Amino acid sequence: MKLGLLSAILEGYSFEEMIDIVSGMGFSCVEVACWPKGKAERRYGGVSHIDVEHLDQEGAERILSYCREKGVEISSLGYYPNTMDPDQGKREACISHLYKVIDASALLGVNMVTTFIGRDQTKSVEKNLELVKELWPPILAHAKEKGVKIAIENCPMLFGEDQWPGGHNLMTTPENWKKVFEILPDENLGINYDPSHFVWQMVDYIQPLYEFRDKIFHVHYKDIKLYPEKLRRAGTMAYPLEYMSPKLPGLGDVDWAKFVSALTDIGYEGHTCIEVEDKAFEGSKERVLDSIRLSKRYLEQFVI
């Protein structure tokens, strides 16, 4: 396994500055955030370390040359929108940019895109599965033509009022994974596995590694801390952020020794990237850098 970082936490740094940090801290890979240029719609979203819209062969060669010089491999191009947004204009913009991310991943020889499948938060699971049938076959066909794999992260994107009631991502549980994979049996569609999201959903985050071993294309290291006293008062029907909080790996409730042990059981030898979303470490740029250092130091017990 290779240990890396999702670059979204390094907002405000140029591509080269970001790679310098990743290399200087001893990471072997990086998942590069590739949102459209412009204002972020949410925390940790909207970061763009590669402008895929204007990337050409010369630009790709510069990027790859700099990565080789610094000893850092790009694990994936990351873009996490809602491709099934109920607003037709937003939906089309998300899908359009996703195509550009796929093209850029192929141009760079990365051949991996990490993303969400999306969800119309106002519709049932069944209605959203119908949307999957409608919207995703052309995307996957394009990715296949380009030789690119698509890895869907299992974050529900349901944290507060803005995402209520259904959230912005359908592929949130093993049950939904199974349903989507039955609709889309494409070999280039898989999972970007983040165990933290299963913690607050009360889902087993170990067993699905074995069940979906052939579909795990990429892995995120992020933690979640549940607050039992808050959960007892608010209940599971409350907004999730009322009773849980994203934390650095090792500061939440994921048993990372068991998780990485299961990854070794299934023979996973791919990229694993730290995702930092801990509000306790947002006070300054140095505090953010400290959060990355702490996360790496902790995970090096299990992944070198």
Side-chain angles (χ1 to χ4, degrees), residues 80-86 91 113-137 139-140 143 149-160 163-224 226 231 234-244 246 252-255 258-263 265-266 268 270 272 275:
Y80 297 88
N82 186 359
T83 59
M84 302 200 298
D85 194 293
R91 180 188 298 181
V113 168
T114 34
T115 190
F116 293 144
I117 205 158
R119 177 171 179 162
D120 182 337
Q121 70 195 69
T122 68
K123 289 183 168 62
S124 67
V125 168
E126 290 75 18
K127 293 292 186 183
N128 272 280
L129 290 171
E130 291 299 318
L131 271 179
V132 168
K133 289 180 186 178
E134 174 189 341
L135 297 177
W136 271 87
I139 298 171
L140 290 172
K149 291 184 175 181
I150 305 291
I152 305 294
E153 191 191 342
N154 52 297
C155 176
M157 286 307 295
L158 173 56
F159 298 108
Q163 301 94 23
W164 187 86
H168 290 178
N169 186 32
L170 183 65
M171 286 185 68
T172 59
T173 64
E175 282 300 303
N176 282 1
W177 293 352
K178 184 178 179 181
K179 292 171 183 175
V180 171
F181 289 140
E182 286 173 353
I183 293 169
L184 304 172
D186 304 66
E187 292 183 356
N188 63 323
L189 178 66
I191 299 161
N192 182 17
Y193 201 113
D194 185 333
S196 69
H197 302 300
F198 287 159
V199 171
W200 65 268
Q201 293 184 89
M202 316 297 173
V203 173
D204 184 343
Y205 57 85
I206 300 296
Q207 192 278 333
L209 288 169
Y210 298 93
E211 182 179 355
F212 295 91
R213 62 197 302 161
D214 296 330
K215 283 292 192 177
I216 299 169
F217 292 172
H218 199 273
V219 171
H220 272 176
Y221 294 137
K222 185 176 67 184
D223 221 331
I224 288 287
L226 280 177
L231 181 57
T236 58
M237 299 297 289
Y239 300 134
L241 284 177
E242 292 184 36
Y243 57 83
M244 66 83 165
D253 295 331
V254 175
D255 188 326
K258 287 184 178 179
F259 181 75
V260 177
S261 176
L263 286 176
D265 281 349
I266 66 171
Y268 183 79
T272 62
E275 182 181 15

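Given the structure is predicted, the values throughout are model-derived calculations rather than measurements.
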Quick one: pull up [atom1] in [X] and [atom2] in [Y] and give me the separation to the nearest 0.5 Å.
X	Y	atom1	atom2	value
L263	R213	CG	CZ	11.0 Å
K222	D194	NZ	CG	5.0 Å
I206	D265	CD1	CG	9.5 Å
Q201	M244	CD	CE	9.0 Å
E187	K215	CD	NZ	7.5 Å
T236	L231	OG1	CG	7.0 Å

Discussion item. Taking D253's backbone N and O only, do any of them form a donor-acceptor pair with D223's side chain (distance below 3.5 Å, no angle check)?
Written reply: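 At least one qualifying donor-acceptor pair exists.
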Ignoring hydrogens and geometry, is there a side-chain-to-backbone donor-acceptor pair from D255 to K258 under 3.5 Å?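 Confirmed, D255 side chain pairs with K258 backbone.
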Is any side-chain heavy atom of [Y] closer than 4.5 Å to one of [X]?
X	Y	value
T114	H220	no
M84	N128	yes
F159	H168	no
E153	E275	yes
M157	F116	yes
Y243	L226	yes
E211	D204	no
V180	I152	no

Checklist entry - Given V125 and E175, is the side-chain contact (heavy atoms from CB on, under 4.5 Å) satisfied, shown in steps? => result CA-CA 11 Å; V125 168; E175 282 300 303; over 6 Å; no
Might you point out which heavy atoms bring [X] and [Y] nearest each other, and give the distance in Å?
X	Y	answer
Y239	G160	CD2-C, 3.8 Å
K133	I183	CG-CG2, 3.3 Å
L241	P246	CD2-CD, 4.2 Å
V203	P174	CG1-CD, 3.9 Å
A262	L209	CB-CD1, 3.5 Å
Q121	P165	O-CD, 3.3 Å

Practice prompt. Give a yes or no on whether E182 atom CD has more than 12 heavy-atom contacts from other residues, nucleotides or ligands under 6.0 Å away.
Written response: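 Check passes, neighbour count above 12.
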- Might you work through the side-chain contact (heavy atoms from CB on, under 4.5 Å) test for W136 and I150, ending with a clear yes or no? CA-CA 11 Å; W136 271 87; I150 305 291; 4.2 Å; yes
Please verify the inter-ring angle class for F181 with F212; under 30° counts as parallel, over 60° as perpendicular, anything in between as tilted.
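Tilted, since the angle between the ring planes falls between 30° and 60°.
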Going by the ring pair (Phe, Tyr, Trp, His ring centres under 6.0 Å) test, name the single residue among Y210, Y221, W177 that passes it with Y193.
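Only one of Y210, Y221, W177 forms a ring pair (Phe, Tyr, Trp, His ring centres under 6.0 Å) with Y193, namely W177.
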List the steps and the verdict of side-chain contact (heavy atoms from CB on, under 4.5 Å) for Y205 and I224. CA-CA 12 Å; Y205 57 85; I224 288 287; over 6 Å; no
_Check E130 with K127, please: is the shortest side-chain N to carboxylate O separation under 4.0 Å?_
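Salt bridge: no.
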Handout entry: Positive for side-chain hydrogen bond (donor to acceptor under 3.5 Å, both in side chains) with Y80, one of N169, N192, T115
Key =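 Testing Y80 for a side-chain hydrogen bond (donor to acceptor under 3.5 Å, both in side chains) against N169, N192, T115 leaves exactly one candidate, N192.
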side-chain contact (heavy atoms from CB on, under 4.5 Å) assessment of L129 paired with L170: CA-CA 8 Å; L129 290 171; L170 183 65; 3.7 Å; yes
